[in-house]
Amino acid sequence: MEPLSSQNTIKYLAEHMGLSATTVSRVLSGQAKRYRIGSKTAKAVISEAARLDITPNKTARNLRLQKTNTLGLIVPNIANPFFGTLARHIESEARKSNYSILLCDSGESEMVEVESLWLLNSNNVDGIIVSPLGQTGSHFLELYKHGKPIVIVDRYFPDMDIPYVTSDNYRAAFEATEYLIFNGHRIIACIQGLPGCGLTTDRVRGYKEALQKHGLSVNTDFIVGDQYDQQRGYIETKLLLKRNPRPTAIFSLGSSMAFGAMSAILEEHLRVPDDISLISFDELQYFAYLSTPLTAIAQQNAVMGEIAVKMLLDQIESKDTFRDRHIMLPTKFNIRQSVKNISDS
């Protein structure tokens, strides 16, 4: 039987879903955001296309049963040093097995993330590694259930049966908060990332439970932020520094936010740690060389990237070697000079 033409495929999907052919075409060509097509509609179209094994890419259709020796990689923000470093390690590890990487930057947008997933699949990559936004993963699960090898890295979905490798975010956040408490801090602000993301949830839970263990109340007014970016760290710190009482310490749940926090502190003519202490979740290469070296939680980027590639290739080659498909890596707490002991203050 002759394969459906691109036009007939679009027509079939449109009729099947009760949508216009134009809407379906725009979604499948990666233009949903441009034409303001809702993410719910875009996800539905892509999920149904995946279920029916339909692709608009003629070359990919012809290659469907062949290996292309390419892997897809989706990250939320390549400008974030954590993801830039992670991508470099993933590319290096993939190259060792003669695979190339097709990289997509979702720009912290679920719509772009959905489009990127579809475009990678339509280009017939052998498997996909993704660091998702982390709030919903139904579009990944649909593709995974239909046979596409997928591994999730860093941000993850704890209740979803897709292989993932991440850090022990809860334990690391608990340890960092407890360190601040041991140094006499009682008003500790937390700048979080995207709410509802499994990674954010684990880090905030570690922060809260450390406070509770030591008999300190959790003041939700001091849990702020909604994105893992520098601007959010800057804005939230500017606001925190105007609070009365002002926090004696800030725990930033991301390195980009920590950099924004440092900028805001300097603008207010304050000093770390004399006026306020600061800890970063995630390590940047230069943190140890600042005028006040920054205490930070370092994740194992290289190991995380290597494991993600190995788990993905294991799926591609149908070896099913990894019994435990959910891996959490320990972190390292690098104590430097950005936390002041105020126990006797």
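Residue numbers run from 1 in the order of the sequence given. Since we're looking at a predicted model, the values are computed, not measured.
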Worksheet entry | Salt bridge present between Arg95 and Glu91 (N-O < 4.0 angstrom) | yes
Worksheet item: Is there a donor-acceptor pair closer than 3.5 Å between any side-chain N or O of Thr23 and the backbone N or O of Leu19?
Response: no
Discussion item. If the condition is side chain to side chain donor-acceptor pair (under 3.5 Å), which residues does Ser109 pass it with, not counting sequence neighbours?
Written reply: none
Response to the item:
Members sharing Leu239's hydrophobic cluster, built from side-chain contacts under 4.5 Å between Ile, Leu, Val, Met, Phe, Trp and Tyr, are Tyr234, Ile235
Worksheet item: Apart from Phe174 itself, what residues make up its hydrophobic cluster when side-chain heavy atoms of I, L, V, M, F, W and Y under 4.5 Å apart count as a link, directly or indirectly?
Response: Tyr170
Worksheet entry | For Tyr164, ring pair (Phe, Tyr, Trp, His ring centres under 6.0 Å) partners two or more places apart | Tyr156, His326
Item to complete: Using side chain to side chain contact (heavy atoms under 4.5 Å, CB included) as the criterion, point out the one residue from Thr200, Thr201, Leu199 that pairs with Arg203.
Response: Leu199
Worksheet entry | Pairing residues for Glu175 by the salt bridge (charged side-chain N to carboxylate O under 4.0 Å, His left out) criterion, not counting sequence neighbours | none
Item to complete: Kindly write out the residues that satisfy side-chain contact (heavy atoms from CB on, under 4.5 Å) with Leu266, not counting sequence neighbours, or none if the list is empty.
Response: none
Fill in: Phe182: ring pair (Phe, Tyr, Trp, His ring centres under 6.0 Å) partners, not counting sequence neighbours
His214
Worksheet item: Tyr144: what forms a ring pair (Phe, Tyr, Trp, His ring centres under 6.0 Å) with it, not counting sequence neighbours?
Response: none
Fill in: side chain to side chain donor-acceptor pair (under 3.5 Å) involving Glu306 - partner list, sequence neighbours excluded
none
Discussion item. Looking at Ser97 and Tyr99, would you say the former's side chain and the latter's main chain have a donor-acceptor pair under 3.5 Å?
Written reply: no
Worksheet entry | Those residues that, when tested against Thr295, pass side chain to side chain donor-acceptor pair (under 3.5 Å) (two or more places apart) | Ser338
Fill in: For Tyr179, side chain to side chain donor-acceptor pair (under 3.5 Å) partners two or more places apart
none
Item to complete: Return the set of residues passing side-chain contact (heavy atoms from CB on, under 4.5 Å) with His89 (not counting sequence neighbours), or none when no residue passes.
Response: Thr85, Asn301, Ala302
